[in-house]
Amino acid sequence: MAFLEENCVLSILTDGILSECHSFVCGDDDMDEFFQKDALDYPVIAWESHTASV
């Protein structure tokens, strides 16, 4: 965990950050697709899924 704490910055994912990182590829097709298409909607989807089960 020390590597992440020393070398990474945790921030909220926004349209601006995604546009700056447009060419980012992690090497996993599903994760790449998630960040390209679904990441900004994920909190909304997760919330709706959570509230639907309550």
Side-chain angles (χ1 to χ4, degrees):
M1 190 69 150
F3 177 84
L4 293 177
E5 291 174 343
E6 294 171 8
N7 298 291
C8 299
V9 175
L10 180 64
S11 60
I12 296 172
L13 187 61
T14 63
D15 283 323
I17 290 173
L18 279 179
S19 67
E20 289 176 22
C21 303
H22 181 67
S23 60
F24 171 78
V25 175
C26 73
D28 180 283
D29 291 341
D30 288 334
M31 290 302 295
D32 291 341
E33 182 179 4
F34 171 77
F35 283 108
Q36 292 170 6
K37 297 181 180 178
D38 303 320
L40 291 176
D41 294 330
Y42 183 75
V44 173
I45 294 167
W47 176 253
E48 289 172 351
S49 174
H50 171 73
T51 56
S53 64
V54 174

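Since we're looking at a predicted model, the values are computed, not measured.
A distance of 9.0 Å separates CD in Glu6 from CZ in Phe3, rounded to the nearest 0.5 Å. Taking CZ of Phe35 as the reference point, atom CG of Asp28 lies at 10.0 Å (rounded to 0.5 Å). In this structure, CD on Glu20 lies 11.5 Å from CG on Asp15, to the nearest 0.5 angstrom.
For the pair Asp32 (side chain) and Cys26 (backbone), a donor-acceptor distance under 3.5 Å is present.
Cluster membership for Met31 and Val25, using ILVMFWY side-chain heavy atoms within less than 4.5 angstrom, is not shared.
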